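Just so you know, these numbers come straight off a predicted model, no measurement behind them. Just so you know, ligand 1 is whichever comes first in the structure, and atom 1 is the first atom listed for that ligand.
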Amino acid sequence: MSSSKVSTAMAKMAASVLEHGEDAIRRLFKFYKRRCPPPDFRDVVDFSTNVKNERVVFLELDPAAVSEGEACKAGLRPVKEWKAYGLQGYSGFVFIANPFLPGSQQHWVKQCLKTYPQKPNVCNLDMHMSPSETEDIWRQSAQTLRNKSSGKREPRTLLEKLRWVTLGYHYNWNTKTYSADNYAPFPTDLQSLSTVVASACGFPGFKAEAGILNYYRSDSSLGIHVDESELDHSQPLLSFSFGQTAVFLLGGTKREDPATPMFMHSGDIMVMSESSRLLYHAVPCIVPPPAGAPLPACLTQQPEKDVLEGGVITSVLKEDWELCSRYLQTSRLNMTVRQVLGVSQVFPSIETPGRSEINLKDGYDDVEEEEDLKAKKRKDDECCGLSLT
Ligand code: OGA
Ligand code: MN
């Protein structure tokens with residue numbers, strides 16, 4: 001069979017998996033993770049263009065839930081201008097196509113790369129390095145990255161080795177729990193952004209208590225999982241994406257349930273709430289941008305003055321943005337924000353599991369890992385929350 005016939009056949013398979021599937025999300029994960037030949041993306045829902053898809057529904061958010069001033073302070077357009085979508089069969093799932101004001105995405109990118117990896121926050125590098133070695137990842141990497149000539153094989157900088165950062169109640173990847181004593185103050189800027197988004201989606205009481213930031217290189221993926229470690233599932237999970245586009249798979253409550261692939265572009269926000277709060281999901285791939293393509297315009301626009309006045313958005317120094325934009329040429333950033341505890345809920349006093357019960361890991365489970373112990377070993381060695389192939 002010619003390669004085009006193969007990809008047509010594979011696309012048909014991908015489409016059929018949507019309707020009925022045996023471990024459908026796993027099959028789709030493998031389909032989109034494949035690199036040679038690259039997968040056919042025709043069945044991927046694109047909320048930025050393809051809103052005629054029969055399963056996509058327009059959602060009306062309450063524009064009065066957040067004042068225009070409040071939205072602007074968080075770097076967001078007025079809620080009445082947001083393009084919000086749902087998907088039939090996924091009640092509680094909200095996709096907001098890039099509601100950020102021009103120039104404000106740069107602030108979040110800079111925070112993810114320069115500010116949030118700093119102590120007292122925790123990152124994957126801390127699993128194998130001392131606090132003094134990971135103290136200033138940005139400063140340590142900046143000089144090398146600025147002088148790096150593309151194409152030349154050089155050791156990776158710490159910034160390039162960064163895979164995840166945890167904020168607020170730090171997620172413990174080994175015990176899969178949060179705890180009262182493993183905590184750092186949650187960043188106030190991200191808290192403000194989260195409050196606005198959650199309020200607009202009908203959750204005015206949302207408290208941003210924990211964050212997981214994911215750093216994806218062009219070959220990274222995030223394995224199939226459910227975010228169930230939070231003690232209160234009545235509050236939504238918020239997800240913010242910046243940089244390169246990813247394919248996101250949204251499955252059901254069981255691995256066998258059908259899954260829907262969708263693009264997540266820079267600035268897109270996803271909210272998983274109510275009956276969509278505990279669905280299986282994964283990121284099988286980062287979509288390769290055309291060679292030499294510039295970053296999307298929404299990342300390079302300059303902010304209007306009012307965005308920088310009195311709100312949380314800061315202007316990014318030219319020299320800092322140069323490094324951020326270089327990083328984003330091949331990378332994607334994702335911030336997920338969670339409420340861990342219900343109103344007046346406290347952490348239960350749990351017994352520490354015995355050593356043998358602890359499955360030492362430093363990231364999400366990954367489908368590759370189940371099958372390929374070598375890949376797992378490599379993943380552990382590299383200390384990645386994301387699988388790298
Ligand atoms: C997560 C997650 C998805 C993404 O961090 O739990 O599912 O889009 N992230 O990176
Ligand atoms: Mn998740």
Side-chain angles (χ1 to χ4, degrees), residues 25 28-29 32-33 44-48 87 90 92-98 105 108-109 112 116 121-124 162-173 176-178 190 194 197 208-230 233 235-253 255 259-273 276-287 328 331-340 361-367 384-388:
I25 192 165
L28 275 188
F29 187 94
Y32 288 110
K33 194 179 160 85
V44 182
V45 176
D46 192 342
F47 290 98
S48 70
L87 271 177
Y90 296 101
F93 172 78
V94 184
F95 191 104
I96 307 162
N98 182 19
Q105 288 189 43
W108 302 109
V109 171
C112 286
Y116 297 152
N121 301 331
V122 179
C123 72
N124 63 303
L162 198 59
R163 287 294 171 268
W164 54 260
V165 167
T166 52
L167 308 171
Y169 289 117
H170 299 296
Y171 187 63
N172 182 322
W173 301 92
K176 298 193 161 119
T177 60
Y178 301 94
L190 185 51
S194 304
V197 172
E209 292 178 324
I212 299 179
L213 315 179
N214 295 305
Y215 299 75
Y216 294 80
R217 310 289 301 171
S218 53
D219 57 356
S220 306
S221 57
L222 176 65
I224 302 161
H225 68 280
V226 176
D227 293 283
E228 57 189 356
S229 300
E230 297 74 26
H233 298 145
Q235 291 293 336
L237 193 142
L238 314 181
S239 159
F240 305 88
S241 295
F242 304 105
Q244 296 302 327
T245 297
V247 173
F248 181 86
L249 296 180
L250 184 64
T253 51
R255 276 176 174 268
T260 304
M262 61 192 83
F263 287 123
M264 294 209 67
H265 300 296
S266 195
D268 288 346
I269 301 178
M270 218 174 62
V271 177
M272 291 169 78
S273 71
S276 290
R277 174 64 182 75
L278 294 173
L279 299 182
Y280 277 101
H281 57 279
V283 177
C285 70
I286 302 300
V287 180
L328 287 187
S331 310
R332 167 178 186 255
L333 300 169
N334 173 257
M335 316 191 288
T336 56
V337 181
R338 303 116 196 271
Q339 175 165 338
V340 177
K361 248 200 281 259
D362 40 25
Y364 287 105
D365 288 337
D366 189 86
V367 286
C384 299
L386 310 161
S387 79
L388 295 173

**Request:** Run the contact test for R332 against ligand 1 with a 4.0 Å cut-off on heavy atoms, strictly below, and give the result.
**Result:** yes
**Asked** Does R338 come within less than 4.0 angstrom of ligand 1, counting non-hydrogen atoms of the residue?
**Response**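 In this structure, R338 qualifies as a contact of ligand 1 - some heavy atom is under 4.0 Å.
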**Prompt:** R338 pairs by salt bridge (charged side-chain N to carboxylate O under 4.0 Å, His left out) with which of E209, E228, E230?
**Reply:** E230
**Message:** By the salt bridge (charged side-chain N to carboxylate O under 4.0 Å, His left out) test, which pairs, at least two apart or in different chains, include something from residues 241-250?
**Reply:**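 Listed once each, the pairs would be none.
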**Item:** Sub-3.5 Å N/O-N/O distance, S239 and ligand 1
**Value:**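 N/O-N/O distance under 3.5 Å: no.
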**Message:** With respect to S241, determine whether any N or O atom, backbone or side chain, lies less than 3.5 Å from an N or O atom of ligand 1.
**Reply:** no
**Message:** Rounding to 10°, state the angle centred on the Mn ion (ligand 2) that links OD2 in D227 with NE2 in H281.
**Reply:** 90°
**Asked** When you look for heavy atoms under 4.0 Å from ligand 1, do you find them on the side chain of D227, its backbone, both, or neither?
**Response** side chain
**Prompt:** Where's the contact between H225 and ligand 1, heavy-atom distance under 4.0 Å: side chain, backbone, both or neither?
**Reply:**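 The part of H225 near ligand 1 is the side chain, not the backbone.
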**Point-to-point distance, once rounded to the nearest 0.5 Å, from CD1 of I96 to CZ of F240** =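 Here the interatomic distance stands at 8.0 Å.
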Numbered atoms and elements of ligand 1 in range of [X], under 4.0 angstrom, heavy atoms:
X: N214; value: 1 (C), 5 (O), 9 (N), 10 (O)
X: V283; value: 3 (C), 4 (C), 8 (O), 10 (O)
X: H281; value: 7 (O)
X: T336; value: 1 (C), 2 (C), 5 (O), 9 (N)

**Request:** Determine whether the side chains of S266 and N98 contain a donor N or O and an acceptor N or O closer than 3.5 Å.
**Result:**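 There is no such pair (donor and acceptor under 3.5 Å, judged by atom type) between the side chains of S266 and N98.
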**Request:** Please state whether the rings of F95 and F47 are parallel, tilted or perpendicular, taking 30° and 60° as the class boundaries.
**Result:** parallel
**Chi angles and distances behind the ring-ring contact (aromatic ring centres under 6.0 Å, His included) call for Y178, Y171** = CA-CA 5 Å; Y178 301 94; Y171 187 63; 5.2 Å; yes
**Message:** If we check side-chain contact (heavy atoms from CB on, under 4.5 Å) with M335, which of these qualifies: L190, V165, L238?
**Reply:** L190
